[in-house]
Amino acid sequence: MSGSLSNPTEDIFMRDLQHFPDGDKFLYTGSEGVVVCDATNLGVIGRYKDEDKRRINRCAISCDSKRIAGTVANVDGGGVNVWDTESRELLFHVAHKELRIGVSESTETETYRLALSFSPSDPNILVTGCESLSIITIKPAGPATCNSFTHETWSAHSDRVTCVECTTDGSHLISGSWDGTVKRWDLKGNLIKVLMEGERKVYSVAFNTDGSKLLIGGYGFTKCISYITGAEIWEQSKVAGSQVKWEPQGGRVVLRTWYTDDSSYIRILNEDNGRVIKKFVGRPREERNWFQSINFYPEGNYLLIGYRKGTIIKININQTDQIEHINVGEVSEKIKGAKKWEEIGKYVGKVGPLVEEIQQKVRELLVPYKLTEGQYELATKLELKPLIIYLQSRFVITGNQVEIIKSHPDSLTRNYELIEFLKKRTYNDFLKFCDGLTETNQEHLTEIIELKPPLPK
């Protein structure tokens, strides 16, 4: 696990952020292609690149996580790429010209704005849209490969299709367009229902978890409707939704707003009535480093935010009232000159472009701990809160030790402190620690444990 963004001062764009279903990794797209990152510390793991080094704008992950799709930015050679997740091999490319029926001036000059979505129930079904809609059916040659594909295309809207989403059961799809309409289709291209129509451009749509409600974001509005009837549940008539997302566990929705005055905004809304719960203000317009993409973590509560110039940050919605915008150069200098944990702890696992610098400084400041590589990796991935409750209930650690652990300023040093306690405990306590990992759904971490407990007596 290594790497940081190539140059966070350049325009990387961060067009899209998508989490893998298991939540341990996420993707972002932009001038570097499709980049896969660790969801815990935001470090770069690898890249899915277009052979001609063209920018990737939208991305999607198949429901079995075996394929990655991305839309390619290029007027003449644009289209859709599909990669194998594990090997990162490009499986095939579908040219944009094959996916459209009827071309307006807008789609001719900006073909990279293809909408994209995998079916949530069938990993071989991929939906794309420009003015027309297309269903790409992948023909697997093996468990995670494919040698061929077919596609069906039909005319869908009178202007650019900006968003597509498959229904939660995979039986229908939704498309939104600059022509002001949101439509429901079956997978054969038959129009089932026009869910919304008007003069306001539609930018983004999102389903709630059970598929009963549809969130729609557009030019100067955000609204929630019933998916079945199309009836309006609520509307924010003066709040634009350039991008909308639904919290996986429900309760809240998030929307990103393009510049309405001198800043971009992220708003957290109540899903039942659309009332604004929190509002985060972006960087000034003249910096050209606005909020570019957003997505909830699969477990909810945490939000991943991508900036136009490449910074990625992770925030706890419940604990954050104001976003500290990261000046990468200034933070880099702080990290290099840090003498103690309190100076850099708040940046650990929260600032994408500085992962390597932070990890290097972490190792310097934690020399007294004498941790192995495996213990270091374990400390970056432990979910501490449920684990210390379990360990205290089994008398592995005392209440006083818990308070010492909690006194540290960030999650990483708290995890290190726990490891230090465990290194001094008995073999039976070590076994209880392993049981605790299982009980708190972290048994996968047992593969990297190198605490070297004492031999049983």
Side-chain angles (χ1 to χ4, degrees), residues 1-2 19-26 36-43 45 64-65 85-86 248-249 296-302 304 314 316 318-319 341 345 348-350 355 358-359 362-363 365-457:
M1 185 189 313
S2 63
H19 279 277
F20 280 82
D22 59 12
D24 64 343
K25 298 185 294 294
F26 67 88
V36 58
C37 299
D38 184 279
T40 302
N41 66 21
L42 311 187
I45 298 173
D64 61 2
S65 298
T85 303
E86 185 173 352
Q249 285 73 29
F296 278 106
Y297 270 66
E299 67 271 21
N301 294 328
Y302 286 91
L304 199 61
K314 173 185 176 182
N316 184 320
N318 299 329
Q319 300 175 4
W341 261 105
V348 174
K350 297 179 181 178
V355 167
I358 291 172
Q359 288 183 342
V362 163
R363 295 175 193 276
L365 295 178
L366 293 171
V367 168
Y369 286 93
K370 298 179 182 179
L371 297 177
T372 66
E373 287 294 319
Q375 292 166 19
Y376 173 81
E377 184 180 357
L378 177 66
T380 63
K381 295 182 177 181
L382 272 179
E383 186 177 351
L384 187 66
K385 186 175 180 179
L387 185 59
I388 59 174
I389 293 174
Y390 179 88
L391 294 177
Q392 190 175 7
S393 72
R394 297 300 187 274
F395 305 103
V396 177
I397 55 177
T398 67
N400 183 51
Q401 290 170 333
V402 170
E403 292 305 313
I404 293 173
I405 291 170
K406 289 182 177 179
S407 68
H408 287 274
D410 60 86
S411 61
L412 192 57
T413 47
R414 289 191 286 269
N415 289 349
Y416 277 124
E417 194 65 57
L418 173 63
I419 289 175
E420 277 297 288
F421 281 129
L422 293 171
K423 287 164 69 176
K424 301 171 185 176
R425 304 300 295 179
T426 67
Y427 182 75
N428 286 335
D429 288 336
F430 174 75
L431 294 180
K432 291 177 183 178
F433 170 70
C434 293
D435 291 340
L437 291 177
T438 300
E439 291 295 323
T440 58
N441 298 316
Q442 301 181 75
E443 60 269 24
H444 59 285
L445 297 181
T446 57
E447 299 176 3
I448 59 174
I449 288 177
E450 297 179 18
L451 296 181
K452 297 181 179 178
L455 293 174
K457 297 179 180 180

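A quick note: this is a predicted structure, and the numbers were derived from the prediction, not measured.
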**Q** Quick one: pull up OG1 in T440 and CD1 in I389 and give me the separation to the nearest 0.5 Å.
**A** 10.0 Å

**Q** Can you see which heavy atom on F20 is nearest to which on F26, and at what distance?
**A** CD1-N, 4.1 Å

**Q** So how far is it from N441 CG to L387 CG, rounded to the nearest 0.5 Å?
**A** 11.5 Å

**Q** Could I get the full list of side chain to side chain donor-acceptor pair (under 3.5 Å) partners for N428, not counting sequence neighbours?
**A** none

**Q** Identify the heavy atoms of T40 and K314 that sit nearest to each other, and give their distance.
**A** O-NZ, 4.2 Å

**Q** Looking at every non-hydrogen atom in both residues, tell me the closest pair between I45 and C37 and how far apart they are.
**A** CD1-C, 3.8 Å

**Q** Are H444 and D24 side-chain neighbours, meaning at least one heavy-atom pair lies under 4.5 Å?
**A** no

**Q** Taking the basic N atoms (NZ, or NE/NH1/NH2) and the acidic carboxylate oxygens, is any pair closer than 4.0 Å for E417 and R414?
**A** no

**Q** Which pairs count as salt bridge (Lys or Arg N to Asp or Glu O under 4.0 Å) when at least one residue sits in residues 429-443, sequence neighbours excluded?
**A** R425-D429

**Q** For Y302, which residues count as a side chain to side chain donor-acceptor pair (under 3.5 Å) partner, sequence neighbours excluded?
**A** N316

**Q** Should Y390 and L437 count as side-chain neighbours, where that means a heavy-atom distance under 4.5 Å?
**A** no

**Q** Heavy atoms only: give me the nearest A39-G23 pair and the separation to one decimal.
**A** CB-O, 3.3 Å

**Q** List for me each residue that meets side chain to side chain donor-acceptor pair (under 3.5 Å) alongside N400, sequence neighbours excluded, and say none if there are none.
**A** none

**Q** Salt bridge (Lys or Arg N to Asp or Glu O under 4.0 Å): which pairs involve residues 383-396, sequence neighbours left out?
**A** none

**Q** Minimum heavy-atom separation for L384 to N415, with atom names?
**A** CB-OD1, 3.4 Å

**Q** Not counting sequence neighbours, which residues clear side-chain contact (heavy atoms from CB on, under 4.5 Å) with P248? List them please.
**A** F296

**Q** If you compare all heavy atoms of Q392 against all heavy atoms of T398, which two are closest, and at what distance to 0.1 Å?
**A** NE2-C, 4.2 Å

**Q** Using side-chain heavy atoms (C-beta onward) and a distance below 4.5 Å, is V36 in contact with T85?
**A** no

**Q** Output the distance between atom CD1 (I419) and atom CZ (F433), rounded to the nearest 0.5 Å.
**A** 6.5 Å

**Q** Looking at side-chain heavy atoms only, is the closest gap between Q249 and N301 below 4.5 Å?
**A** no

**Q** Between L391 and F421, is any pair of side-chain heavy atoms under 4.5 Å apart?
**A** no

